[in-house]
*Asks:* 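One structure coming up, written as structure tokens, with questions to follow.
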Amino acid sequence: MTAAIPFDNSYVRLPSSFYARVLPAPAPRPQLVKLNRALAEELRIDPDTLATPEGIAALAGNVVPRGAEPIATAYAGHQFGHFVPRLGDGRAILLGEVIGRDGARRDLQLKGSGRTPFSRNGDGRAALGPVLREYLVSEAMAALGVPTTRALAAVTTGETVFRERALPGAVLARVAKSHIRVGTFQFFAARGEVENLRALADHVIARHYPEAAGAAEPYRALLEQIIGRQAGVVSQWLLVGFIHGVMNTDNMSIAGETIDYGPCAFMDAYDPATVFSSIDAHGRYAYGNQPAIAHWNLTRLAESLLPLLAGDGEAAVTIAQDEIGKFPRAFKDAYVAGVRAKLGLADMRDDDLGLAQDLLDRMSANRADFTLTFRGLCAAAQDDRADAELRVLFDDPRSYDEWAVRWRARLHVEGREAAARGAAMRRVNPALVPRNHLVEAAIEAAVDRQDFLVFEQVLEALMKPFEDGPSDPMFYGLPPAGPGYRTFCGT
Ligand code: AMP
Ligand code: MG
């Protein structure tokens with residue numbers, strides 16, 4: 001493929017200890033499963049060229065496109081609380097960066113394209129199921145307005161990968177503001193490489209937080225802004241019922257995007273203790289723990305930045321603590337603003353969070369579906385006859401009725417016209433999220449029957465999450481009742 005991807009690489013210009021140069025491993029029979037044509041165009045890549053055999057060869061890692069400088073990046077990370085000094089891209093290869101139509105720089109990475117010096121005992125490969133899961137969920141998150149990495153393409157490799165069973169191999173071409181993680185800072189901090197740490201921080205400021213460059217204390221400003229962005233993204237997760245599943249510090253993006261979709265899932269019935277990941281035995285990464293874990297991870301980031309925050313160790317600790325101490329407030333402000341919008345409240349009142357918490361407590365006691373309850377409120381805010389559909393979501397419908405009295409009294413104090421309120425609520429309360437049974441149906445058809453139609457249908461519906469779809473119960477109704485759902489890592 002000749003110059004079809006306008007690469008403009010910067011990470012590879014950083015010191016050589018930041019990465020290892022490595023070529024993707026060839027795939028025997030690459031086949032295109034899905035190409036995100038709109039995203040390609042946003043990145044100024046011609047989608048028709050990407051869909052040619054040469055383009056597919058590049059997406060599968062068989063050909064290194066002109067201008068690409070493939071590397072695997074180095075990072076460390078706390079995995080379930082335990083520090084691992086050397087992780088790195090073990091199954092992903094960064095081809096390079098492109099500047100999109102919006103002027104923003106983005107990474108183009110192949111996930112599942114073979115072994116790297118960071119692979120340890122892994123095969124560097126990805127199975128088709130997790131590739132499709134990441135494609136669906138990351139694109140759904142983008143459509144929901146949650147900052148996220150994006151899926152540019154999925155290809156099957158024609159190779160078999162071995163997990164619990166033999167599975168078709170695949171590669172995901174992924175796009176991100178960058179793949180720099182909290183763990184990337186930890187990598188250099190743990191090695192005491194202060195100059196590399198500074199080079200990384202300067203790169204991140206120039207690339208993601210240019211406003212920090214002009215601050216009196218740029219590295220402090222960097223920390224403050226990263227904390228602010230993380231507070232925002234985690235609050236958005238909670239507001240749509242998303243559970244990342246493996247919030248290790250190596251899976252937390254410095255640019256504030258949702259990254260590394262592994263055992264992630266959306267909640268059906270509301271329960272803050274919900275955990276789907278089979279490897280999260282103690283519920284460390286449960287839905288309701290996510291803000292506390294983000295805070296913990298950011299504290300690890302602040303520790304890593306200490307040598308840059310002040311010449312004097314004690315002064316640096318004070319600065320780090322000051323900034324880290326701002327996380328709970330930043331999270332709460334973002335979350336409460338989101339909750340108000342979900343409930344249709346335009347004005348601010350002191351007890352708005354209490355009103356929301358009362359609803360959530362009732363939802364959890366009555367196993368009410370998260371997405372359907374909030375979507376149902378959009379109609380109920382306009383017309384109380386719509387309560388009929390809502391109250392049946394609660395084991396004890398009277399629990400909803402009691403809350404609705406309190407909610408309507410609060411709505412009544414506001415002057416907003418009912419139709420305008422309903423419309424505003426429909427823009428923040430999705431009708432559709434990538435529920436587990438939908439994602440599983442798409443994966444099962446593709447993996448077991450080479451049928452990609454379900455994947456296409458699910459993806460298409462997920463692209464319009466705020467529209468009431470056709471009354472297809474598989475998509476828009478309650479999920480089928482089943483035994484406890486489990487998700488697995490091992491992309
Ligand atoms: P994760 O938490 O799933 O994002 O991955 C944690 C670490 O394990 C990263 O360094 C990955 O690159 C590495 N890893 C996961 N799966 C594989 C694999 N199949 N082959 C090589 N490395 C892997
Ligand atoms: Mg990861």
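Numbering of ligands and ligand atoms starts at 1, following listing order.
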*Asks:* Can you list the atoms of ligand 1 that are under 4.0 Å from a heavy atom of Y75?
*Replies:* 9 (C), 10 (O)
*Asks:* What atoms in ligand 1 come closer than 4.0 Å to a heavy atom of G124?
*Replies:* 18 (C), 19 (N), 20 (N), 21 (C)
*Asks:* Atom CG in N196, atom CZ in F188: separation rounded to 0.5 Å?
*Replies:* 5.0 Å
*Asks:* To the nearest 10 degrees, could you say what angle the Mg ion (ligand 2) makes with OD2 of D260 and OD1 of N251?
*Replies:* 80°
*Asks:* Consider every N or O of V246 and every N or O of ligand 1, then say whether any pair is closer than 3.5 Å.
*Replies:* no
*Asks:* Under 30°, 30 to 60°, or over 60°: which ring-plane class applies to H203 and Y11, parallel, tilted or perpendicular?
*Replies:* perpendicular
*Asks:* Heavy atom to atom 5 (O) of ligand 1, shortest distance: which of R115, M247, R125, R91 holds it?
*Replies:* R91
*Asks:* Are R435 and D369 side-chain neighbours, meaning at least one heavy-atom pair lies under 4.5 Å?
*Replies:* yes
*Asks:* Does G262 have a heavy atom less than 4.0 Å from any atom of ligand 1?
*Replies:* no
*Asks:* Does any N/O atom on D123 come nearer than 3.5 Å to any N/O atom on ligand 1?
*Replies:* yes
*Asks:* After noting the C-alpha distance and the side-chain angles of E134 and R174, does the key distance pass the salt bridge (Lys or Arg N to Asp or Glu O under 4.0 Å) rule?
*Replies:* CA-CA 9 Å; E134 175 155 352; R174 174 162 94 172; 2.9 Å; yes
*Asks:* Can you measure from CG (L87) to CD (Q79) and round to the nearest 0.5 angstrom?
*Replies:* 4.5 Å
*Asks:* Contact between R120 and ligand 1, counting heavy atoms under 4.0 Å?
*Replies:* yes
*Asks:* What I want to know is whether L87 and ligand 1 share at least one N or O pair that is separated by under 3.5 angstrom.
*Replies:* no
*Asks:* Contact between ligand 1 and R163 is defined here as a heavy atom of the residue under 4.0 Å from a ligand atom; is it met?
*Replies:* yes
*Asks:* Before accepting this row, confirm whether a basic side-chain N of the pair K34/E456 lies closer than 4.0 Å to the acidic partner's carboxylate O.
*Replies:* yes
*Asks:* Would you indicate which of G90, A74, G88 comes nearest to atom 10 (O) of ligand 1 when only heavy atoms are counted?
*Replies:* G88
*Asks:* Can you find a side-chain donor-acceptor pair between T49 and D46 that sits under 3.5 Å?
*Replies:* yes
*Asks:* Testing L95, L94, V175 one by one against D107 for a side chain to side chain contact (heavy atoms under 4.5 Å, CB included), which residue passes?
*Replies:* L94
*Asks:* Classify the angle between the aromatic ring planes of F331 and F327 as parallel (below 30°), tilted (30 to 60°) or perpendicular (above 60°).
*Replies:* parallel
*Asks:* Could you tell me whether some N/O pair between F118 and ligand 1 is separated by less than 3.5 angstrom?
*Replies:* no
*Asks:* Which atoms of ligand 1 sit under 4.0 Å from any heavy atom of Q79?
*Replies:* 6 (C)
